[in-house]
Amino acid sequence: MLSPKRVKWRRQHRGHYAGFATRGNSLSFGDYALMVTEAGRLTARQLEAGRISISRSVKRGGKLWIRVFPQTPVTKKPAETRMGKGKGSPEYWAAKVEPGRIIYEMNGVTLEQAKEAFRLASHKLPLKTKIIVRD
């Protein structure tokens, strides 16, 4: 699973999601892409599940790029813990995405294969997505 090798701070603020993605919102590597249409967090497990479903769908053909990286630590306090006593420990890593951000790009497959692979991957993700094709 994806996670940073080292970070400066173990815990981060939640932050906010405002507006649309200004970076990572256009095709850079492949001919087909999966784009997010709403803001939210994608965990490293969800990204990996989507990647596996895409690679199995195209039977390891073509090339796949993952355009987001889970670099935000998400903390959680233990169950049945009283208020106070500081922030919880990091549980998992997540990638913050805004509408218009491209998650996966693919090349070297047909349009039908790409559509089917991205359809299967979108079922693994908690956000609404759409498929982009290079003109």
Side-chain angles (χ1 to χ4, degrees):
M1 262 188 308
L2 295 171
S3 67
K5 288 188 175 71
R6 57 184 297 275
V7 290
K8 194 167 187 179
W9 310 108
R10 284 184 64 217
R11 302 178 179 109
Q12 278 185 18
H13 291 278
R14 284 190 189 92
H16 64 280
Y17 304 91
F20 294 89
T22 54
R23 299 161 188 252
N25 57 359
S26 60
L27 283 164
S28 297
F29 304 104
D31 292 333
Y32 315 106
L34 189 67
M35 178 187 278
V36 175
T37 58
E38 59 183 357
R41 282 194 303 222
L42 296 173
T43 69
R45 287 179 184 274
Q46 291 163 349
L47 287 169
E48 181 67 8
R51 185 194 67 79
I52 290 169
S53 68
I54 290 171
S55 64
R56 284 186 180 159
S57 173
V58 297
K59 298 181 176 57
R60 296 197 303 273
K63 178 141 178 63
L64 179 70
W65 291 269
I66 303 176
R67 296 282 308 274
V68 294
F69 187 80
Q71 61 187 7
T72 306
V74 179
T75 62
K76 192 174 181 198
K77 294 187 82 159
E80 299 180 10
T81 305
R82 292 187 180 187
M83 294 287 103
K85 305 279 191 294
K87 195 173 169 95
S89 59
E91 288 291 310
Y92 58 90
W93 296 92
K96 291 169 66 174
V97 292
E98 292 173 333
R101 181 71 190 223
I102 289 179
I103 308 172
Y104 302 109
E105 283 192 41
M106 198 165 26
N107 202 359
V109 294
T110 64
L111 177 61
E112 290 75 28
Q113 284 178 317
K115 280 188 176 178
E116 179 61 17
F118 285 147
R119 185 187 68 81
L120 293 171
S122 68
H123 290 305
K124 309 286 183 190
L125 304 175
L127 305 174
K128 291 179 184 172
T129 59
K130 69 178 183 179
I131 297 168
I132 305 294
V133 180
R134 189 183 297 275
D135 292 333

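This is a predicted model, so every value here is computed, not measured.
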Going by heavy atoms in the side chains, are [X] and [Y] under 4.5 Å from each other?
| X | Y | value |
| --- | --- | --- |
| Pro4 | Phe69 | yes |
| Val58 | Leu64 | no |
| Ile102 | Asn25 | no |
| Leu125 | Gln46 | yes |

Once rounded to the nearest 0.5 Å, what's the spacing between atom CD1 of Ile66 and atom CZ of Arg51? 6.0 Å

Working to the nearest 0.5 angstrom, can you tell me the gap between Arg134 CZ and Tyr32 OH?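 One gets 10.5 Å once the value is rounded to the nearest 0.5 Å.
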
Output, in order, the C-alpha distance, side-chain angles, deciding distance and verdict of side-chain contact (heavy atoms from CB on, under 4.5 Å) for Val68 and Arg101. CA-CA 9 Å; Val68 294; Arg101 181 71 190 223; 3.6 Å; yes

Is the Lys NZ or Arg CZ of Lys96 less than 6.0 Å from the centre of Tyr17's six-membered ring, within 45° of the axis?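 Because its charged atom sits under 6.0 Å from the ring centre and within 45° of the axis, Lys96 does stack over Tyr17.
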
Over all heavy atoms of both residues, which pair between Met106 and Ile54 is shortest? Give the atoms and the distance, please.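 The answer is SD-CG2, 3.8 Å.
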
Please find the pair of heavy atoms, one from Gly61 and one from Val109, that lie closest to each other, and give the distance.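 Residues Gly61 and Val109, closest heavy atoms: O-CG1, 4.0 Å.
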
Worked verdict on Glu116 versus Arg119 for salt bridge (Lys or Arg N to Asp or Glu O under 4.0 Å): CA-CA 5 Å; Glu116 179 61 17; Arg119 185 187 68 81; 2.8 Å; yes

Common cluster, Ile132/Leu111, ILVMFWY with side-chain heavy-atom separation under 4.5 Å: no

